[in-house]
Structure formats: C-alpha cells, structure tokens
Peer 1: 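One structure, as structure tokens, below. Some questions next.
Predicted model only: the values in this text are computed from it and were never measured. So you know, we letter chains A, B, ... as the sequences are listed, proteins then strands, and number each from 1.
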There are 2 protein chains.
Amino acid sequence: MTATEVTQTEVTQRSAEASGPAPVPAADALVESIRAAGLKVTAPRLAVLRALADAPHSSADRLFTVVRAELPGTSLQAVYGVLAAFTDAGLARKIEPSGSAALFERRVGDNHHHIVCTRCGTVRDVDCAVGEAPCLTPDDAAGFAVRAAEVTYWGLCPACQVELATTRTGPPLLSNKGAR
Amino acid sequence: MTATEVTQTEVTQRSAEASGPAPVPAADALVESIRAAGLKVTAPRLAVLRALADAPHSSADRLFTVVRAELPGTSLQAVYGVLAAFTDAGLARKIEPSGSAALFERRVGDNHHHIVCTRCGTVRDVDCAVGEAPCLTPDDAAGFAVRAAEVTYWGLCPACQVELATTRTGPPLLSNKGAR
DNA sequence: CCCTTATTTTGAGCAATTCAAAATAACGGC
DNA sequence: GCCGTTATTTTGAATTGCTCAAAATAAGGG
C-alpha cells in the first residue's frame, strides 16, 4: 500500500509520516483538532471533519454522501454519531433553520449568525450585526437569564435575485417564509 | 338543547344570539376574526383559536389535546389543517425553535421574538430589542436581499433558575443549547 | 332549502433523527 | 509490537412530527 492510502487502522499514524507535499491538505491539522477535543481519531471522524471543512452548512445526509465516496463502508448513523460527538466536544456547531434538516459547521466559539435563501436554501455566515452582542440583550427578558441569542435572516441570495428578475419561472422553491 | 351548547352545524349562529353574560369569553370576537380572515367558521377552527388564545406558544399536539376535550371527534390532521389555514390567512404565526415541535401563537403582524427556557421549554414573547428593526439589518448580508429576521433567545426561566439554585437535581431537561 | 366549494375525516406514508445491542477499532500500557 | 479496556461504528429497528390523498361532510351564498 502506498503512502496516500489511509486504512481504518493506520489512520492515526499519518501524522508521523508527514513528508513531501501532503496528498490531503491539512490532514494533520484535522487529526490534531480531533485529538485536541479529547476524541479518538477515526477514519469516519476525519472524513466528516474534512467534508465539513470543504462544505460548511452541510446536512448530515449531505456529509454522509461525501464521506461515503471516500469511505464506502460508513453508515449514516456513524455520521450522526460523529456529528453528535463533534458538537458535544465543541468541534462543530449545529444549526437548525426552520423547515429544513439540521446543518453543521466547523466555525465555533464566536457568535455569528446565518442568512438563508428562501428560494434555494443556500446558507451564508453573517457576523453579529451590532458589534459585540447587541441583539443578545433584549430589553425585557421577562426574568429569564439569557444565555444565548440566535439570529436567522431570511432572504434571497444573489443568484436567486438574478434568476427571479430574469425568468418569470414560478414562485420560490421554499415558501412559508413570508414573515414581515 | 341550551344556549350554552354549540353544535357543529349551528356554531355560526351564536353571534346572532348574544345576550346576557357570554358563557365563553369573546366567542363572537373569535368567530369574527376567523370570518374576517376569509375563512369559513367551523367548530374545530373556533376551538383551536380559543385554545390558542388561552395558551400561546402551543404545539399542534397540545392544541389537539385541548380541542379534543371540547370537541371529541376532532382529528389531529384537522388541527394541522386549521393551523395551516390560520397561518396562511395571517391569523396565526408558526414558530419553530430548534429541537422541538412547531409552536403557534395568535400574535401576528408585529415583529417580536421569543425566549425559550433551555430547561423546561417555556416560551415567552420578547419585543424587538433595539427599536424598530435593528437586528434586521446585518452589516454584511453577502449580497442577499434580506426579507426577515428571526431572533431566538435561549436561557433559564425564573422558575428554573430558582429550582437549579435550590436543588442539585441533575442537569437541564433540555440540553444541547450551550451556545455562547 | 339546495348547491358548490371548503373543510374534516380516515388511513397511509415519509423524512429526519434516535435508540439499542453486537461487532470492532483506538490507544495507553505492558 | 501485542493486549485489554473503553470508545466508536455497524446493523437493524423504532419514533416523532408532519404531510399527502381520497372520500365524507358541512358552511354559506343563492
């Protein structure tokens, strides 16, 4: 077997043989972050983390598809398990926009928000609008001890704006977001 | 049959016989609001609307339970249907806090937000923190045309703060909301 | 009072996620 | 470098929350 292959049992050794141009970008860094989180380094975890690095805001199902291409034996439940371990360990964050499956991202530890395209479902990060944590402090919290605030913006992504302006091709793909 | 009974077929007549102390508070007002929304007035709709008036932030299932007590023949699907009609007609609003079933409320037409207790799940209304629509305007929307913003606060309700301070009775009932 | 059309009932069906037991692999120590 | 302990993954199934569709029924205008 060549140096570019990674089997289930030797995945943890890769960091020891780092030499020449890395076949997989930053593999060691990914391994390290998993280990740093106090988790065992496994092939499925590495694959999920890499997929998440490539495509933030992915659903469990999407990650499953990507991971499968590289690691055919992986089960969907494994992906769910990995994601649960990651979110527990603070390696990943789970977001749950209304009306769609949960999405995951590696960007953790800062308080950023998301904007979701009501037509195609695309998600982008949005830094907290008003400085530090503005929307985090409601005037009247009714006696609640506020721990976190979550903001979701809904709108049209640039691409969908163009498409809608151009073609008269029916209504939004995602509806039910007509909030004012 | 007495004047306090409401059958499926004569529910629409009640507004005509309003006299003396109303057995059901504001029944006529509820009927009127349904009709004003362009919907036919039916017993299930009236019951759901009343239940929603009594207990805002109720799930479909909870409403179903309440409605059933008064209208035993009602099906869960009917409740879903009523709620869909209400939200479409602008009579009700649907909110979907991460990790729980959708909740409904009658308060529509203003942009208010919600605070959810991470321990017991209680929901309270929160007026928009910064005046008109502050959190609604992200600095950088990445080219998106923002149509709406949704804010959810997470924290501990007064009761749960007390309980946690008093008894050392284990961890939160709802977890996974450890966002910072 | 009847007719048309909206609503509800009845009965399935589905997607996303979770649960549980058995098999397997990671990794610290010997 | 091999072993045992413990975490992880596989395998298989169940659950929750919600939607779909056809047939039965009721609201409200004429």
Peer 1: Please state how far atom CG in Leu46(A) lies from atom C1' in dA25(C), giving the value in whole angstrom units.
Peer 2: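 Atom-to-atom, Leu46(A) to dA25(C), this comes out as 15 Å.
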Peer 1: In this structure, how many angstroms lie between the P atom of dA25(C) and the CG atom of Leu39(A), rounded?
Peer 2: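 Rounding to the nearest Å, CG of Leu39(A) and P of dA25(C) are 19 Å apart.
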Peer 1: Does a side-chain N-to-carboxylate-O contact under 4.0 Å join Asp127(A) and Arg107(A)?
Peer 2: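 Result for this pair is yes, salt bridge flagged.
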Peer 1: Going by the rule side chain to side chain contact (heavy atoms under 4.5 Å, CB included), which residues pair with Thr65(A) if we only count those two or more places apart in sequence or in a different chain?
Peer 2: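 Partners of Thr65(A) under the side chain to side chain contact (heavy atoms under 4.5 Å, CB included) test: none.
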Peer 1: Over how many whole Å does the gap from Phe64(A) atom CZ to dA15(C) atom C1' extend?
Peer 2: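 So the two atoms are 15 Å apart, to the nearest Å.
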Peer 1: To the nearest 0.5 angstrom, please state how far the OG1 atom of Thr118(B) sits from the CG atom of Leu156(B).
Peer 2: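 With rounding to 0.5 Å, OG1 (Thr118(B)) is 4.5 Å from CG (Leu156(B)).
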Peer 1: Quick test of your reading: applying salt bridge (charged side-chain N to carboxylate O under 4.0 Å, His left out), list the pairs with at least one residue in residues 54-76 of chain A, sequence neighbours left out, ordered by first then second residue.
Peer 2: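 Output for this query lists Arg50(A)-Glu70(A).
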Peer 1: Please report, rounded to the nearest Å, how far the P atom of dT19(D) is from the CG atom of Leu83(B).
Peer 2: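 Distance, rounded to whole Å: 10 Å.
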Peer 1: Look at Thr74(A) and dT9(D) and indicate whether a side-chain polar atom (N or O) is within less than 4.0 Å of OP1 or OP2.
Peer 2: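 For dT9(D), neither OP1 nor OP2 has a side-chain N or O of Thr74(A) closer than 4.0 Å.
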Peer 1: If I take atom CD1 in residue Ile34(B) and atom P in nucleotide dA6(C), what distance separates them, rounded to the nearest angstrom?
Peer 2: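 After rounding, the gap between these two atoms is 17 Å.
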Peer 1: Round to a whole Å and report the spacing from CZ of Arg35(A) to P of dA7(D).
Peer 2: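 My rounded result for the distance is 17 Å.
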Peer 1: Tell me: CD1 of Ile95(B) to C1' of dC18(D), nearest whole Å?
Peer 2: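 Interatomic distance, CD1 of Ile95(B) to C1' of dC18(D): 17 Å.
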Peer 1: Could you tell me which non-hydrogen atom of Trp154(A) sits nearest to which non-hydrogen atom of Ser98(A), and how far apart they are?
Peer 2: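 Trp154(A) and Ser98(A) have their closest heavy atoms at CH2-O, 3.6 Å.
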Peer 1: Does dA6(C) have OP1 or OP2 sitting under 4.0 Å from an N or O in the side chain of Arg45(B)?
Peer 2: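 False: Arg45(B) side-chain N/O out of range (4.0 Å or more) of dA6(C) OP1/OP2.
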Peer 1: Closest heavy-atom contact between Leu52(B) and Ala92(B)?
Peer 2: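 What the structure gives for the nearest pair is CD2-CB, 4.2 Å.
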Peer 1: Is there a side-chain contact (heavy atoms from CB on, under 4.5 Å) between Leu91(B) and Ser33(B)? Walk through the geometry before answering.
Peer 2: CA-CA 8 Å; Leu91(B) 262 186; Ser33(B) 66; 4.2 Å; yes
Peer 1: Treating primed atoms plus P, OP1 and OP2 as sugar-phosphate and everything else as base, which nucleotides of nucleotides 17-23 of chain C get B, S or - for protein heavy atoms under 4.0 Å?
Peer 2: BBB----
Peer 1: Mind listing the N/O atom pairs, protein and nucleotides 3-6 of chain D, below 3.5 Å?
Peer 2:
residue	atom	partner	partner atom	Å
dT6(D)	O2	Lys40(A)	NZ	3.3

Peer 1: Side chain to side chain contact (heavy atoms under 4.5 Å, CB included) with Thr122(A): which residues, sequence neighbours excluded?
Peer 2: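 Side chain to side chain contact (heavy atoms under 4.5 Å, CB included) list for Thr122(A), sorted by chain: Cys117(A), Cys120(A), Arg124(A), Phe144(B).
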Peer 1: Write out all pairs satisfying ring pair (Phe, Tyr, Trp, His ring centres under 6.0 Å) with one or both partners inside residues 27-82 of chain B, taking only residues at least two apart or from two chains.
Peer 2: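 Residue pairs passing ring pair (Phe, Tyr, Trp, His ring centres under 6.0 Å), neighbours aside: His57(B)-His114(B).
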